[in-house]
Amino acid sequence: MSRVLILGGGFGGIVAAEALAQRLGDEHQITMVSRSSRFVFYPALVRLAFGECEPDDVSFDLRKTMLNRRVTFIKAEVARIDPDERKAVIAHGEVEGTIPYDYLIYALGRRLATERVTGFFEHAHHLLNVEGALRFGEAIRDLNEGRVVIGECPHARLPVSVYETAFALSKWLRENGDPKAVRITVVSPTTIQSEFGDEKMAVLVNQELLKQGIELVPNFPIASIGSSVISTNDGRDLNYQLLMLLPPFGGSSAISHLGVTNDEAYVNVDWTMKVIGAERIYAVGDCVNLAGPKMGHMAVNQAQIAAANLAAEIAGHEPVAHYQHDIMMVLDVDGDGIYFHKDLWSGDPASVRHGRFWSWAKRIHEKYWEATHA
């Protein structure tokens with residue numbers, strides 16, 4: 001009998017738990033530890049902010065979901081990992097002390113690094129949770145005029161929700177407000193091409209911004225936020241009436257003391273999703289040290305690979321699955337969608353398509369995820 005411990009209840013943790021429950025027999029024990037008992041489908045928070053769905057549509061009870069899949073769920077905060085003793089140290093929650101394991105999947109995601117941007121929580125709206133999305137939606141409905149700034153801080157690595165928010169606001173203003181009285185500005189710490197790693201995607205997104213009259217301010221790394229102005233370290237300022245930003249992130253601290261992370265505390269993994277320099281530990285999701293944006297579908301793919309290889313390791317076999325690092329997404333643009341697929345480990349050009357079908361396919365995928373996991 002092997003004890004498998006999964007730390008984290010996001011996309012990676014859930015999919016890893018499901019895949020292991022299917023691969024391992026009843027004699028093995030699977031336990032998930034998460035700081036929250038509710039899973040939030042983060043890609044839908046933009047739609048929630050603009051009233052296109054309800055809070056219950058974007059979250060579900062994680063404990064019930066795991067129970068249905070033969071996984072023990074514990075709501076608790078993980079303090080650190082002790083690989084020598086093979087145990088996780090719990091700071092507080094439903095259990096205290098330590099939880100032993102034989103194999104571990106580390107899926108604790110990223111930590112907020114808002115200390116890098118002065119004034120973030122005091123002045124900026126965000127899409128980090130259901131409550132934040134609802135507050136941003138209320139602020140939009142109360143807005144009559146002025147500039148709305150939407151963007152991401154350095155090291156956020158979440159460009160999709162920035163552009164989807166800008167396009168959704170443009171549509172909302174045309175249907176409910178006065179587009180001429182409200183100016184929409186998107187700020188990026190780099191450029192569209194750098195964010196997505198592809199020139200074709202950058203051209204298409206920029207064309208849509210121009211078509212809808214949305215201003216783009218590239219190479220604007222936000223360092224501080226005041227009550228009506230955002231600023232860079234080199235003295236550039238931008239005024240706003242309403243602000244929605246994605247904050248800086250860094251790796252989770254629970255594993256950073258083991259010497260298996262990069263300078264930002266993201267976990268180094270190999271092609272099997274095994275942690276480099278640690279035995280019997282795999283890592284998946286936003287916590288891993290891989291290039292490009294951090295996206296839910298990446299966490300799902302990584303979790304499936306990790307589960308397959310962990311199950312093989314338990315059985316005494318060599319790794320059976322190889323992770324392929326790519327971006328595959330649909331960016332909603334006023335009822336249409338931009339489909340983008342790019343292999344980040346090769347020099348091959350991206351596949352970019354544009355049309356209403358892709359937005360429809362994205363909605364079907366979201367509904368399928370919710371129906372099969374809630």
Side-chain angles (χ1 to χ4, degrees), residues 4 6-24 30 32 34 39-44 62 65-66 69 71 103-110 157-161 195-198 201 249 251-252 266-276 281-313 318-331 337 339-346 348 350-353 358 361-362 364-373:
V4 180
I6 300 171
L7 303 181
F11 282 108
I14 289 176
V15 173
E18 292 175 339
L20 285 169
Q22 293 174 354
R23 290 177 176 273
L24 300 179
I30 305 172
M32 172 185 285
S34 174
F39 170 83
V40 177
F41 192 82
Y42 288 100
L62 195 52
T65 300
M66 290 298 103
R69 287 156 173 78
V71 177
Y103 297 89
L104 184 142
I105 293 184
Y106 190 85
L108 285 178
R110 302 184 281 174
R157 295 170 66 178
L158 286 170
V160 175
S161 53
E195 289 171 330
F196 292 103
D198 184 77
M201 183 66 174
F249 290 96
S252 174
Y266 291 114
V267 185
N268 300 319
V269 295
D270 62 19
W271 59 269
T272 72
M273 300 313 299
K274 199 166 189 178
V275 175
I276 298 173
I281 302 179
Y282 295 78
V284 301
D286 288 354
C287 66
V288 299
N289 178 25
L290 293 174
K294 301 286 188 179
M295 303 185 70
H297 83 88
M298 294 176 174
V300 168
N301 293 341
Q302 293 161 13
Q304 293 169 338
I305 298 299
N309 290 325
L310 191 155
E313 185 176 358
E318 293 296 314
V320 296
H322 184 165
Y323 175 64
Q324 185 65 38
H325 190 45
D326 59 5
I327 301 176
M328 186 169 59
M329 65 168 199
V330 174
L331 176 63
Y339 169 81
F340 178 70
H341 179 228
K342 182 177 178 64
D343 183 345
L344 296 175
W345 283 348
S346 76
D348 297 337
S351 174
V352 182
R353 298 184 179 92
W358 298 108
K362 181 176 183 177
I364 295 299
H365 176 75
E366 289 183 0
K367 290 180 180 179
Y368 173 78
W369 172 272
E370 294 162 2
T372 56
H373 293 83

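Quick note: residue numbers are just sequence positions, from 1. Quick note: numbers below take in every heavy atom, side chains included, and nothing from hydrogens, waters or symmetry partners. All figures in this text were calculated on a predicted structure; none of them were measured in a lab.
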**Report entry** Stepwise side chain to side chain contact (heavy atoms under 4.5 Å, CB included) test for Y282 and V4
**Finding:** CA-CA 11 Å; Y282 295 78; V4 180; over 6 Å; no
Query raised in the report: Would E313 and T272 count as a side chain to side chain contact (heavy atoms under 4.5 Å, CB included) if you check the C-alpha gap in whole Å, the side-chain angles of each, and the deciding distance to 0.1 Å?
Result: CA-CA 11 Å; E313 185 176 358; T272 72; over 6 Å; no
Report task. Go through the steps for M273 and V288 under the test side chain to side chain contact (heavy atoms under 4.5 Å, CB included), then give the verdict. Result -> CA-CA 9 Å; M273 300 313 299; V288 299; 4.1 Å; yes
Query raised in the report: How far apart are the C-alpha atoms of Y323 and V269, what are their side-chain angles, what is the distance that settles it, and do they pass the side chain to side chain contact (heavy atoms under 4.5 Å, CB included) test?
Result: CA-CA 10 Å; Y323 175 64; V269 295; over 6 Å; no
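When each of V300, V284, D286 is tested with F11 by the rule side chain to side chain contact (heavy atoms under 4.5 Å, CB included), just one qualifies, namely V300.
Between A307 and A19 the shortest heavy-atom distance is CB-CB, 3.5 Å. Closest heavy-atom contact between E318 and A312: O-CB, 3.6 Å. Pairing each heavy atom of M298 with each of P293, the nearest pair is SD-O, 3.3 Å. When all heavy atoms are compared, the tightest approach of A308 to V320 is O-CG2, 3.7 Å. Nearest heavy atoms, L344 versus A291: CD1-O, 3.7 Å. Counting all heavy atoms, side chain and backbone alike, K342 lies closest to A350 at CB-CB, 3.8 Å.
Not one N or O on the side chain of K294 forms a donor-acceptor pair closer than 3.5 Å with the backbone of C287. With N309 contributing its side chain and P319 its backbone, the two residues share no donor-acceptor pair below 3.5 Å.
The side-chain heavy atoms of N301 and Q324, taken from C-beta on, include no pair separated by under 4.5 Å. Within the 4.5 Å cutoff, the side chain of S34 has heavy atoms near those of the L62 side chain. Between F340 and I327, some side-chain heavy-atom pair lies under the 4.5 Å cut-off. Side chains of L310 and K274 form no contact here, defined as non-hydrogen atoms less than 4.5 Å apart.
Qualifying ring pair (Phe, Tyr, Trp, His ring centres under 6.0 Å) partners for H297, counting only residues two or more places apart in sequence or in other chains: none. Shown here are the side-chain hydrogen bond (donor to acceptor under 3.5 Å, both in side chains) partners of Q304, two or more places apart in sequence or in another chain: there are none. Every residue two or more places apart in sequence or in another chain that forms a side chain to side chain contact (heavy atoms under 4.5 Å, CB included) with A16 is listed here: I6, I105, A303.
Taking NE2 of H325 as the start and CD of Q302 as the end, the distance is 7.0 Å to the nearest 0.5 Å. Of the inter-residue distances, the one linking D270 atom CG with I276 atom CD1 reads 5.5 Å to the nearest 0.5 angstrom. Of the inter-residue distances, the one linking L20 atom CG with Y103 atom OH reads 11.5 Å to the nearest 0.5 angstrom.
For the pair R157 and Y266, the cation-pi test (distance below 6.0 Å, angle within 45°) is passed.
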